[in-house]
*Asks:* 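A single structure is presented below for examination.
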Amino acid sequence: MSGILVFACLLLELLVISISFFRGSSYHVGCLETERRALLRFKQDLQDPSNRLASWTGDGDCCTWAGVACGNVTGHILELNLRNPSTSNPRSMLVGKVNPALLDLKHLSYLDLSSNDFQGVQIPRFIGSMRNLRYLNLSDTQFVGMIPPQLGNLSDLQFLDLSSNYLYVDNVWWLSGLSFLEHLDLRSVNLSKASDWLMATNTLPSLLELRLSNCSLHHFPTLASPIPRGLQNLTSLKHLDLDSNHFNSSIPDWLYKFSPLECLNLRNNSLQGTISDAIGNLTSVSWLDLSINIGLQGRIPRSMANFCNLKSVNLRGVHLSQEISEILDIFSGCVSNGLESLDMRSSSIYGHLTDQLGQFRNLVTLNLANNSIVGLIPESFGQLSTLRELQIYDNKLNGTLSEFHFANLTKLSWFRVGGNQLTFEVKHDWIPPFQLVALGLHNCYVGSRFPQWLHSQKHLQYLNLLNSRISDIFPIRFLKSASQLKFLDVGLNQFHGKISNLTKNTQLLFLSVNSNNMSGPLPLVSSNLVYLDFSNNSFSGSISHFLCYRVNETKSLEGLKLTDNYLQGEIPDCWMSYQNLKVLKLSNNKFSGNLPNSLGSITSLVWLYLRKNRLSGKIPISLKNCTALASLDVDENEFVGNIPTWFGERFSRMLVLILRSNQFHGPLPKTICDLAFLQILDLADNNLSGAIPKCISNLTGMVTVKSFTGSVV
């Protein structure tokens with residue numbers, strides 16, 4: 001017996017040594033030649049602008065190449081992870097096609113090609129022959145067309161993500177072959193024709209995560225459509241995402257019985273009724289989103305105090321009609337210990353913020369914007385040391401914010417409290433403990449001078465100081481040093497002086513300096529700028545240098561507002577490079593001469609305001625190319641000639657046509673009756689003659705009660 005025990009011990013020791021040898025990180029046999037060649041063939045069909053595959057060379061061990069993982073014992077390639085590491089950088093994408101050489105990786109179990117660009121082709125059918133795959137991620141890869149049913153052959157698959165492409169299916173019965181599937185993500189796949197989607201998902205016994213947002217599960221939003229009852233059989237689900245599917249019923253009672261559910265996303269539907277007290281049964285929930293359901297109303301039930309695992313709750317746009325103090329009281333127990341994100345903007349919340357706020361010590365994001373919260377910001381706000389984002393703009397708060405409130409907020413990066421009656425009172429030499437990305441103080445009082453502490457903020461991308469009662473020289477030094485600033489609004493203040501060259505601010509996308517006391521010529525700006533508002537200032541001189549700068553370079557500008565200045569001279573003929581322009585407002589200046597022909601090259605133009613200038617001549621025929629025009633206002637100029645007959649033919653989307661106070665003559669063309677959507681027509685104070693066409697009565701848009709605003713942004 002003792003000999004048998006000795007033999008057994010030796011055998012066990014050999015087994016342990018063997019396992020340790022094969023699993024140890026020090027042992028590696030290198031990749032197989034056939035698989036190395038397969039990877040090189042795969043690479044040949046890809047463009048790689050950022051050299052992500054630089055390690056994929058002809059020689060060497062392919063198991064050490066970027067994104068490749070091999071088995072230590074066999075050397076077979078098991079994983080290929082080529083996910084784009086920087087989705088915000090187009091240069092980091094691999095571009096091309098998926099080479100069938102992947103079929104030679106016969107042991108591949110993990111394939112991630114997400115966030116690359118495969119240029120609008122169908123998902124290759126041969127992927128359905130890669131039978132060892134357990135993980136397949138093709139999300140955000142620019143694939144289009146029908147999902148190949150051959151994917152149903154991947155019987156070992158546990159994870160499938162085809163989201164964020166341009167895909168559709170006629171049926172999804174092929175899913176029934178994926179009996180081990182735990183994660184299914186079909187977000188943005190068009191399932192409107194797949195009447196079997198519910199039956200197919202019910203054949204997946206291992207399913208834990210189901211993501212079907214924006215799938216057109218109900219594509220007739222005018223008809224009654226409840227959340228499908230058949231989902232109640234998927235009681236093992238931990239993650240359910242039905243975002244943006246036009247469901248317009250109440251939240252069904254059976255959904256509240258999904259006790260394992262950890263994440264529930266029903267946002268952006270048309271759900272109605274109240275939030276039932278039975279929601280308290282979802283005690284495992286850590287992430288809850290019921291936002292943007294305008295028919296959902298009522299109070300947050302007390303039973304949500306049982307959500308001890310809750311980390312994120314989004315009730316944006318739900319008509320709660322509830323005091324903020326009551327809501328904080330419901331969440332002040334075990335919920336406050338773990339809650340990281342609370343979003344209740346535009347939720348009809350009212351009342352005072354209380355010191356209960358300080359109990360939420362792990363809060364990272366708090367958004368209570370656009371409600372009716374009144375009173376002071378409590379001192380306990382300063383205890384939220386983990387807070388990164390605070391948005392309480394457009395409420396009825398008042399009082400003073402000082403350095404004291406911010407002493408512990410070292411992680412704060414988003415701070416938007418504008419639209420309240422707040423005073424921001426800090427010392428001149430204050431250096432904040434945080435680095436902001438976004439700061440919104442519109443309609444708040446920040447002092448008569450531009451805040452010096454903003455010079456310390458090196459990561460600022462968004463700055464809104466609209467109507468902050470500042471009277472100072474325009475902060476050109478700050479603007480030139482703010483290397484990451486994308487949005488700047490300092491309108492409705494008393495800034496003065498001149499603005500120098502801004503062409504080096506290539507990151508700046510939005511700039512509004514409207515209603516100040518700026519003077520001098522217009523500054524040159526970067527071609528990357530999308531929106532520019534210099535209206536209601538004292539800028540003067542010609543705009544030729546401004547408009548014709550780098551005339552051969554395509555401009556990103558979509559909105560240009562220069563109204564109410566002292567600009568003069570002819571409008572230059574340099575509009576060819578402004579193909580993205582939608583809004584052009586040059587009213588109330590001193591422009592003269594004819595309209596340039598190149599104005600007609602702006603085919604995207606929607607709003608054209610030229611009133612109160614000294615423009616003359618005929619309306620150029622090139623303007624007929626601007627078929628997107630919805631509003632044309634040339635009031636109080638010196639235009640002559642007949643009203644063009646092509647107005648009715650070319651401006652089918654026109655809502656507003658104002659030709660008042662010019663020198664147009666001749667009859668009113670009958671084609672004006674073709675402006676079917678016209679709401680405002682003003683032809684007064686011209687030299688028109690003849691009869692008014694009888695068809696003018698067809699312009700029913702002018703007698704129908706509609707809301708029209710001339711405001712664009």
Side-chain angles (χ1 to χ4, degrees), residues 183 208-211 235-241 243 251 255-267 275-292 296 299-318 320 322-345 347 349 351 353-369 371 373 377-392 405-406 408-415 434:
H183 177 112
L208 299 177
E209 298 191 26
L210 179 61
R211 302 174 188 244
T235 53
S236 297
L237 278 181
K238 292 186 176 182
H239 189 126
L240 177 60
D241 181 355
D243 176 359
I251 301 174
L255 188 55
Y256 297 132
K257 299 176 182 178
F258 276 38
S259 55
L261 205 61
E262 297 175 2
C263 298
L264 176 61
N265 184 3
L266 300 177
R267 77 185 298 271
I275 303 173
S276 168
D277 195 61
I279 197 173
N281 296 328
L282 303 179
T283 53
S284 299
V285 160
S286 62
W287 195 89
L288 176 65
D289 193 341
L290 304 178
S291 63
I292 320 180
L296 203 59
R299 310 164 79 81
I300 293 176
R302 284 273 169 186
S303 62
M304 286 181 66
N306 300 330
F307 287 3
C308 297
N309 297 304
L310 194 63
K311 293 186 178 299
S312 174
V313 57
N314 191 342
L315 299 173
R316 172 189 176 188
V318 177
L320 296 174
Q322 193 169 10
E323 284 202 54
I324 182 62
S325 58
E326 181 184 353
I327 295 171
L328 293 179
D329 184 59
I330 292 171
F331 290 149
S332 63
C334 65
V335 175
S336 66
N337 297 329
L339 193 65
E340 298 176 359
S341 178
L342 178 59
D343 190 341
M344 294 188 296
R345 65 189 127 158
S347 295
I349 296 169
L353 275 173
T354 63
D355 277 326
Q356 288 171 308
L357 187 63
Q359 298 180 33
F360 295 79
R361 298 298 179 90
N362 291 305
L363 205 59
V364 176
T365 299
L366 177 60
N367 195 329
L368 303 175
N371 283 292
I373 301 172
I377 294 179
E379 292 184 0
S380 60
F381 157 68
Q383 300 171 16
L384 305 179
S385 59
T386 60
L387 197 65
R388 295 184 185 275
E389 178 181 329
L390 176 66
Q391 304 204 61
I392 51 175
H405 289 90
F406 300 100
N408 297 319
L409 305 185
T410 58
K411 297 181 179 180
L412 194 65
S413 60
W414 279 69
F415 185 67
F434 48 70

*Asks:* State, yes or no, whether a side-chain contact exists between His183 and Lys238 at a heavy-atom distance under 4.5 Å.
*Replies:* no
*Asks:* Regarding Asn309 and Ser286, do their side chains bring together a donor and an acceptor under 3.5 Å, going by distance alone?
*Replies:*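 The answer is no; no qualifying pair exists.
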*Asks:* What distance separates Arg299 CZ from Ile275 CD1, expressed to the nearest 0.5 Å?
*Replies:* 12.0 Å
*Asks:* Considering only NZ, NE, NH1 and NH2 on the basic side and carboxylate oxygens on the acidic side, decide whether Asp343 and Arg316 come within less than 4.0 Å.
*Replies:* no
*Asks:* Does any N or O in the side chain of Ser332 come within less than 3.5 Å of the main-chain N or O of Gln356, such that one atom is a donor and the other an acceptor?
*Replies:* no
*Asks:* Report yes if the side chains of Leu384 and Lys411 come closer than 4.5 Å at any heavy-atom pair, otherwise no.
*Replies:* no
*Asks:* Just verifying a value: how many Å separate Ile300 CD1 and Glu326 CD, rounded to the nearest 0.5 Å?
*Replies:*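 Spacing of CD1 (Ile300) from CD (Glu326) equals 8.5 Å.
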*Asks:* So, Asn265 side chain and Arg211 main chain: donor-acceptor pair closer than 3.5 Å or not?
*Replies:* no
*Asks:* Enter the distance from Ser341:OG to Arg388:CZ here, rounded to the nearest 0.5 Å.
*Replies:* 12.5 Å
*Asks:* Give the minimum heavy-atom separation between Ile327 and Met344, together with the two atoms involved.
*Replies:* CG2-CE, 3.6 Å
*Asks:* Between Ala305 and Cys334, which heavy-atom pair has the shortest distance, and what is it?
*Replies:* O-SG, 3.5 Å
*Asks:* Just by distance, do the side chain of Asp277 and the backbone of Pro301 share a donor-acceptor pair under 3.5 Å?
*Replies:* no
*Asks:* Side-chain contact, heavy-atom cut-off 4.5 Å: Leu366 with Leu357?
*Replies:* yes
*Asks:* When rounded to the nearest 0.5 angstrom, what distance separates CG in Leu290 from CZ in Arg267?
*Replies:* 11.0 Å
*Asks:* Start with the C-alpha distance between Thr354 and Leu328, add both sets of side-chain angles, then the distance that settles side chain to side chain contact (heavy atoms under 4.5 Å, CB included), and finish with yes or no.
*Replies:* CA-CA 8 Å; Thr354 63; Leu328 293 179; 4.1 Å; yes
*Asks:* Could you check Leu255 against Leu240 for side chain to side chain contact (heavy atoms under 4.5 Å, CB included), going step by step and ending with a plain yes or no?
*Replies:* CA-CA 10 Å; Leu255 188 55; Leu240 177 60; 3.9 Å; yes
*Asks:* To check you understand the geometry: which heavy-atom pair defines the closest contact between Phe381 and His405, and what is its length?
*Replies:* CE2-O, 3.9 Å
*Asks:* Determine whether Val335 and Val313 make a side-chain contact, defined as any pair of heavy atoms from C-beta on separated by less than 4.5 Å.
*Replies:*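 Val335 does not reach Val313 side chain to side chain.
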*Asks:* Does Asn362 use its side chain to pair, donor to acceptor, with the backbone of Asn337 at less than 3.5 Å?
*Replies:*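 Checking the backbone N and O of Asn337 against the side chain of Asn362, a donor-acceptor pair under 3.5 Å is found.
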*Asks:* Considering all heavy atoms of both residues, which atom of Ala278 and which atom of Tyr256 are nearest to each other, and what is their separation?
*Replies:* O-CB, 3.6 Å
*Asks:* Donor-acceptor check, side chain of Ser284 to backbone of Glu262, threshold 3.5 angstrom: yes or no?
*Replies:* no
*Asks:* So, does Ser312 use its side chain to make a donor-acceptor pair with the main chain of Trp287 at under 3.5 Å?
*Replies:* no
*Asks:* Could you tell me whether the side chain of Asn371 and the main chain of Ile373 form a donor-acceptor pair under 3.5 Å?
*Replies:* no
*Asks:* Does any part of the side chain of Leu288, heavy atoms only, come nearer than 4.5 Å to the side chain of Phe307, both counted from C-beta?
*Replies:*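 Yes, close enough: below the 4.5 Å cut-off.
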*Asks:* List the steps, then state whether side chain to side chain contact (heavy atoms under 4.5 Å, CB included) holds for Ile279 with Ile251.
*Replies:* CA-CA 10 Å; Ile279 197 173; Ile251 301 174; 6.0 Å; no
*Asks:* Test side chain to side chain contact (heavy atoms under 4.5 Å, CB included) on Asp243 and Asp289 and set out the steps.
*Replies:* CA-CA 9 Å; Asp243 176 359; Asp289 193 341; over 6 Å; no
*Asks:* Compute the centroid of each ring, for Phe415 and then for Phe406, and state whether the two points are separated by less than 6.0 Å.
*Replies:* yes
*Asks:* Can you tell me how far the OG atom of Ser291 sits from the CG atom of Leu315, to the nearest 0.5 Å?
*Replies:*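 If I round to the nearest 0.5 Å, the distance is 8.0 Å.
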*Asks:* Is the shortest side-chain heavy-atom distance between Leu342 and Phe331 below 4.5 Å?
*Replies:* yes
*Asks:* Locate the shortest heavy-atom distance separating Gly382 from Leu409; write the atom from each residue and the value.
*Replies:* O-CD2, 4.0 Å
*Asks:* How many angstroms lie between atom CG of Leu296 and atom OG of Ser347, to the nearest 0.5 angstrom?
*Replies:*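 These two atoms lie 10.0 Å from each other.
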*Asks:* Any donor-acceptor pair under 3.5 Å linking the side chain of Thr386 with the backbone of Arg361?
*Replies:*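 Here the side-chain-to-backbone pair exists.
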*Asks:* Work out which heavy atom in Met304 is nearest to a heavy atom in Ile330; give both atom names and the distance.
*Replies:* C-CG2, 4.4 Å
